[in-house]
Amino acid sequence: MTDSLVLKGQTLSFKDDPFAVDPEEAVEFETDGAVWIEDGLVKELGPATDILSKAKGVQVIDYGDSLISAGFVDCHAHYPQLPIIASYGEQLLEWLERYTFPCESAFGDSNHARKAADFFLDEALKNGTTTAAVYATVHPQSADAFFEAADNRGLRMACGKVLMDRHAPDALLDTAQSGYEQSKQLLEKWHGTGRNVYAITPRFAPTSTPEQLEAAGALWREYPNALMQTHLSENTDEIAWVRDLFPDQPDYFGVYEAFGLTGPGAIFGHAIHLTDRERAALKETGSTIAHCPTSNMFIGSGLFDLAGLRGGANPIDVGLASDVAGGSSLSMFVTMRAAYEVAQLRGDNLHPAMLWYLATLGSAKAMRLDDRIGNLAPGREADLIVIDPGSTPLIERRVAQADNPCDMLFAQIILADDRAVRATYSGGACVWERN
Ligand code: GUN
Ligand code: ZN
């Protein structure tokens, strides 16, 4: 028996890349639209009258004037760090020492890790995030806990055990050998099991010896379909430290290149302070960037050059990310707003279609999952969200002034938060619903 369902509302989908063509042409709104879901996939999308005439006898859920979109994709987040969100007064390296490492030290306890993973995923779904690329801690059981929690909910999630064999408290260190073996075991257990994706996760160059980075590169060569995630050029003190630690490499990105940790499927968090050589090498290798605007402002790292990296003739794939808990919100609405504001501070504009693209299909592309998720389109997995266009009196009032769908979308991006999410679907099943 097939499992079939129609959702009625205003649909939002992408026909094209809004950074490559006129953004208004790239995005498609169907005011009286419907999405027909069958066996966990989008079967058809179009005007409600068309879909309903074909989907005879299929259950219909009418969401009125709510917006139906692909679920949000957060391409860089740290689930174990949620307890230390909004920690005061430090920049990256001190923030790691003072707040992050002590918090991550508790994740050797599987029960603790599972509770934290459940909490993170419940919060993500409530915010409309259906997929994320997530860092666990150095403890293999922290990655197991996350995958078990994601698997239980039927979500498409990527995660990896952090590799870290120096410059951190003893309780958070593995070795080049143990990190390789534990990652390999986790990868074989979880990658491609259900909807899980494994991400090989060296934390960042300063906390791995060259031997560990070498082992991470070797593992990725053995399993090229896995993802690789790490941090790059987030903070100027960090960059100076990398220069001291790897004096033979041309720059920070060059360290990852030297160990085979670049290319399609490699997601670099932040990438704020890049040299021209690094920009060219990111592009040439087909590596991707996770833009983390709330984090970059909250821990004072800098203003990411989205227009320079994603626009122009030689674009690099960029996705949008919360980077909790350097980031101050799990909401992709808040994250899109921050991306808009960062662009404004740099003298650039980001059209609402660009922002929505970054938070859905752009992130899916950075994770090499764009053929499966990130857009409302036939054949894609039915991970989607339903957004209430009037979730607060202020938004309702502002939306009443909007005379086109893009302006309405922009008002949501700037003013909305988790209260705008009415329902979240994953694999065609409703996994979160506002009462
Ligand atoms: N660089 C290395 N580790 C981290 C982390 O946990 N968060 C952020 N924002 N940057 C990092
Ligand atoms: Zn991070």
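The residues of the chain are indexed from 1 along the displayed sequence. Numbering of ligands and ligand atoms starts at 1, following listing order.
- Using a 4.0 Å heavy-atom cutoff, Trp95 is listed among the residues neighbouring ligand 1.
- Under the 30°/60° scheme for interplanar angles, the aromatic rings of Trp241 and Phe204 are found to stand perpendicular.
- Among Arg153, Arg156, Arg195, the one residue that satisfies the salt bridge (Lys or Arg N to Asp or Glu O under 4.0 Å) test with Asp383 is Arg195.
- Side-chain contact, Glu181 with Gln177: a donor N or O sits under 3.5 Å from an acceptor N or O.
- Side-chain N/O atoms of Asn349 and Gln344 include a donor and acceptor closer than 3.5 Å.
- For ligand 1, the atoms sitting less than 4.0 Å from at least one non-hydrogen atom of His270 are 9 (N), numbered in the order shown with element in parentheses.
- Residue Phe101 does not touch ligand 1, judged by heavy-atom distances below 4.0 Å.
- Here Tyr198 and Trp220 keep their ring centres 6.0 angstrom or further from each other.
- In this structure, atom 1 (N) of ligand 1 lies nearest to the protein heavy atom His231 CG, 3.5 Å.
- Annotation: side-chain contact (heavy atoms from CB on, under 4.5 Å) contacts of Pro210 (sequence neighbours excluded): Arg166, Phe246, Phe259.
- Near Asp323, meaning under 4.0 Å from one of its heavy atoms, ligand 1 places the atoms 8 (C), 9 (N).
- If you check which protein heavy atom lies closest to atom 3 (N) of ligand 1, you get Arg203 NE, 2.8 Å.
- Side-chain contact annotation: Ser87 with Trp95, donor-acceptor N/O pair under 3.5 Å absent.
- Counting only distances under 2.8 Å, and ignoring water, the protein N, O or S atoms around the Zn ion (ligand 2) are His76 NE2, His78 NE2, His231 NE2, Asp323 OD1.
- Between Ser426 and Gly154, the shortest heavy-atom distance links the atoms OG-O, 3.3 Å.
- Side-chain contact of Glu257 with Thr262: a donor-acceptor pair under 3.5 Å is absent, judged by distance alone.
- Distances between N or O atoms of Gln81 and those of ligand 1 include at least one value under 3.5 Å.
- Residue Glu234 has at least one N or O atom closer than 3.5 Å to an N or O atom of ligand 1.
- Between Tyr135 and His231, the gap from one ring centroid to the other is short of 6.0 Å.
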